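All remarks here apply to the structure that follows.
These numbers come from a predicted model, not from an experiment.
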Amino acid sequence: MACEKMKVSINAKAYELPALAVLSDAIGLIQPAPPFAVAINMQFVPSSHYAQTQLQDGDKIEIIRPVTGG
């Protein structure tokens, strides 16, 4: 049986993940340095939900670092 794949976008770059991937799998691909926030399809996801948030084919994931300034 072939391993099913899905395509997602992380910070506007295309990636392939296993069909049953969760958000923490996607974050692990780019290994951002903390602190950061994550949104899927423009919806914020709390860090406590990364491991149980199921991804879907075509999801657009944004990993955002805070910006300081005035």
Side-chain angles (χ1 to χ4, degrees):
M1 181 170 140
C3 181
E4 302 260 342
K5 297 280 186 178
M6 72 172 131
K7 294 181 181 179
V8 299
S9 168
I10 304 173
N11 293 351
K13 186 175 177 186
Y15 290 88
E16 266 195 2
L17 290 168
L20 298 177
V22 294
L23 183 54
S24 57
D25 297 324
I27 293 169
L29 286 176
I30 65 168
Q31 300 180 344
F36 60 87
V38 179
I40 300 175
N41 303 322
M42 304 295 287
Q43 295 292 317
F44 171 74
V45 180
S47 59
S48 60
H49 294 155
Y50 292 172
Q52 66 245 23
T53 300
Q54 187 73 42
L55 296 175
Q56 303 295 317
D57 190 51
D59 277 346
K60 292 179 180 7
I61 302 161
E62 295 293 328
I63 301 175
I64 306 153
R65 294 188 48 91
V67 176
T68 58

*Please report the closest heavy-atom contact between P66 and P35, naming both atoms and the distance.*
CD-O, 3.4 Å
*Who pairs with I63 by side-chain contact (heavy atoms from CB on, under 4.5 Å), at least two apart in sequence or on another chain?*
I10, N11, I27, I30, P32, F36, V38, I61
_Pairs where residues 17-28 contributes a residue and the test side chain to side chain donor-acceptor pair (under 3.5 Å) is met, not counting sequence neighbours_ = none
_Counterpart residues, side-chain contact (heavy atoms from CB on, under 4.5 Å), relative to Q43 (two or more places apart)_ = none
_Of all pairs that satisfy side chain to side chain donor-acceptor pair (under 3.5 Å), the ones with a partner from residues 55-64, not counting sequence neighbours_ = N41-D59
*Same hydrophobic cluster for L29 and V22, using side-chain heavy-atom links shorter than 4.5 Å among ILVMFWY?*
no
Identify all side-chain donor-acceptor contacts of residues 48-55 below 3.5 Å with residues at least two apart in sequence or on another chain.
unit_1, atom_1, unit_2, atom_2, d
T53, OG1, H49, O, 2.6
Q54, NE2, L20, O, 3.2
Q54, NE2, A21, O, 3.1

